[in-house]
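Positions are given from 1 along the sequence. Bear in mind that the values here come from a model prediction, so they are computed numbers and not experimental data.
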Amino acid sequence: MIQADYFEFPSHQRLYSVLVDFYLQYKKLPTDDQLLEEAKKHLTPTDSFGDYRDEVTAINQLDERSIDNHDYYLDLVEEFAKEQAVKDAILKSVDHLKKKNFGAIEDEVRNAFSINRNVDLGTDYFSGVKARWDRLNSASIVPKFRTPFETLNEALEGGLAHKEMAMVVAPPGVGKSLFLANQAARSVLDGHNVLYISLEMAEDRVAQRLDSIFTRIQQRDLNRRVDDIEKRLDTISKQWAQHGKLIVKEFPTKRLTITGLRAFLNQLKNYQDFCPDVIIVDYLELMKTENDMAEYQSQERLAQELRGIASEYESLIWTATQTNREGKKVAVITDSELADSYGKIRVCDLVFSINQTEQEFDQGSARLYLMKSRNGRARFIVPIGIDYSRLVVSQSNTNDAQA
């Protein structure tokens, strides 16, 4: 956690550097004579060797009994490291600010606040086998995020988990946003806090869709049944006492960057103490990348960075993406019909397409094709029903998923 330049006095900086270098090379601390001898090699013409001797003398006069309280001193070290790192980040940010390099400012500050003495060096495969399996079977990583479709949940052995990312693929107008709204409702009723990021529709329009999904009141009747909406939502709150919180936030199309999303998540935490379990981004192509690049590179980078958000904030990310023109022509959309970039699904744990013919649209039905699943079986079809009057998506009562 500590860097030599965190110390104010040159003698402290050089003594610390000597201690660290000596320990890394010999795996033990130097004696007083070794410490002073090594420090002497780094003296400048303006340095006084007496300062170094005085420092070593002062250290030797400390009451060693106090060192028994390890955690207390480790806490002091961590606090010192964080304070100095934040100061250093602020100083460096001044130069970034002049260059309008806002992403670099965020990186500097985030790295400073990430300093922590609880270091995770990974898993030693050949030791701790039982502990490793205890973790795998613990409730903390058991899949807990269900979809609205039980066949999918069964294939996923219960659902998705924290730090994962899922994506729905469909041509324009087939139901990507509709599914994401239903997914938001499902997660809220299951007790999860949900953030719905809309990059295309106004917040009130998204909320209007959610009104129908939650209350089952037809879209055309919502405007004259506002009192009923309030009553039904109140009833839902009482019946589902452990339901999560739902926040809908609109950003202008092609204006939200990953940096902007991260800043908004931090605002939610600081001002409302809201940490979403599920983050829905509607949808991927409508976000903006930090740098100019080709569209296929842009989409792949956005998907990678969204996956990073899932890991950083320990959330489940749901998003959607468009197909190419062929997506309107084929019976079943596969990864071959992805628009612009195949790479955007590489980082996803779950990817499925929504398939619908004109006849199916008239009948209020569609088919999901599970094209990718890291945690279960894939490449099967799930028939679904869509109630367009109430905007409710559900699994069809027809036969189970087709291989």
Side-chain angles (χ1 to χ4, degrees), residues 144-153 158-160 166 168 173-251 264-265 267-269 271-283 315-320 354 361-366 368 384-397:
K144 59 173 60 178
F145 299 106
R146 295 191 297 165
T147 74
F149 314 114
E150 285 308 314
T151 296
L152 279 188
N153 297 333
L160 291 155
V168 54
V174 173
K176 298 184 298 297
S177 297
L178 190 59
F179 165 78
L180 292 176
N182 276 264
Q183 181 61 59
R186 173 73 276 158
S187 295
V188 167
L189 293 179
D190 283 344
H192 305 301
N193 289 331
V194 177
L195 170 63
Y196 192 110
I197 299 290
S198 175
L199 303 174
E200 192 174 33
M201 296 176 61
E203 292 174 11
D204 289 342
R205 287 298 184 188
V206 176
Q208 180 182 343
R209 287 187 167 195
L210 290 165
D211 285 340
S212 279
I213 294 169
F214 275 113
T215 67
R216 297 303 197 262
I217 298 174
Q218 294 187 18
Q219 282 278 295
R220 65 185 182 186
D221 296 332
L222 289 174
N223 192 45
R224 58 185 179 83
R225 297 183 62 181
V226 176
D227 290 341
D228 286 343
I229 295 172
E230 287 187 324
K231 290 178 182 178
R232 293 194 184 189
L233 289 179
D234 183 62
T235 300
I236 290 171
S237 294
K238 292 176 181 177
Q239 291 179 343
W240 302 76
Q242 300 302 317
H243 72 80
K245 189 175 180 180
L246 173 58
I247 290 181
V248 180
K249 173 61 178 174
E250 172 196 0
F251 287 95
F264 181 65
L265 289 169
Q267 287 177 343
L268 285 175
K269 180 178 180 180
Y271 290 102
Q272 294 195 26
D273 195 25
F274 178 82
C275 298
D277 302 300
V278 180
I279 302 171
I280 295 174
V281 178
D282 186 12
Y283 56 92
S315 300
L316 168 66
I317 298 281
W318 269 102
T319 190
I354 303 177
F361 173 79
D362 293 337
Q363 296 172 344
S365 64
L368 302 184
I384 64 171
I386 305 175
D387 182 346
Y388 288 106
S389 64
R390 296 174 176 83
L391 305 183
V392 175
V393 177
S394 59
Q395 186 164 336
S396 175
N397 293 325

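Under a 3.5 Å cut-off, the side chain of Gln363 and the backbone N or O of Gly385 do not form any donor-acceptor pair. Proximity of a side-chain donor or acceptor of His192 to a complementary backbone N or O of Ala184 within less than 3.5 Å is not detected. Not a single donor-acceptor pair under 3.5 Å links the side chain of Ser365 to the backbone N or O of Ile384.
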Audit row: Trp318, Phe145, ring pair (Phe, Tyr, Trp, His ring centres under 6.0 Å) steps and yes/no: CA-CA 11 Å; Trp318 269 102; Phe145 299 106; over 10 Å; no
Candidate pair Arg205 and Glu250, rule side-chain contact (heavy atoms from CB on, under 4.5 Å), full reasoning: CA-CA 10 Å; Arg205 287 298 184 188; Glu250 172 196 0; over 6 Å; no
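Judged by distance alone, the side chains of Ser198 and Asp282 never bring a donor and an acceptor atom under 3.5 Å apart. Judged by distance alone, the side chains of Glu150 and Asn153 do bring a donor and an acceptor atom under 3.5 Å apart. A side-chain donor-acceptor contact under 3.5 Å links Gln395 and Thr151.
A salt bridge between Lys238 and Asp234 is present, with a side-chain N of the basic residue lying under 4.0 Å from a carboxylate O of the acidic one. Checked for salt-bridge contact, Asp190 and Arg186 meet the test: a charged N lies under 4.0 Å from a carboxylate O.
Between Ser315 and Pro276, the shortest heavy-atom contact is OG-O, 2.7 Å. Residue Gly364 comes nearest to Tyr388 through the heavy atom pair CA-CE1, 4.0 Å, listed as atom of the first residue, atom of the second, then distance. Minimum heavy-atom separation, Val194 to Ser187: CG2-CB, 3.7 Å. For Ile386 against Leu178, the heavy-atom pair with the smallest separation is CG2-CD2, 3.6 Å. Smallest separation of non-hydrogen atoms from Met201 and Arg209: CE-NE, 3.6 Å. Nearest approach of Ile217 to Arg232, heavy atoms of both residues: CG1-NH1, 3.4 Å.
Note: Phe251 and Phe264 have perpendicular aromatic rings, judged against thresholds of 30 and 60 degrees for the angle between ring planes.
Side-chain contact check for Leu180 versus Val168: some heavy-atom pair is nearer than 4.5 Å. Between Thr215 and Asp228, the closest side-chain pair of non-hydrogen atoms is not below 4.5 Å. The shortest distance between side-chain heavy atoms of Ile229 and Leu222 falls below 4.5 Å.
Remark: Lys176 is positioned above the aromatic ring of Tyr283, its terminal NZ or CZ atom under 6.0 angstrom from the ring centre and at most 45 degrees off the axis.
Each of Leu246, Ile280, Leu268 was scored for a side chain to side chain contact (heavy atoms under 4.5 Å, CB included) with Leu195, with one residue passing: Leu268.
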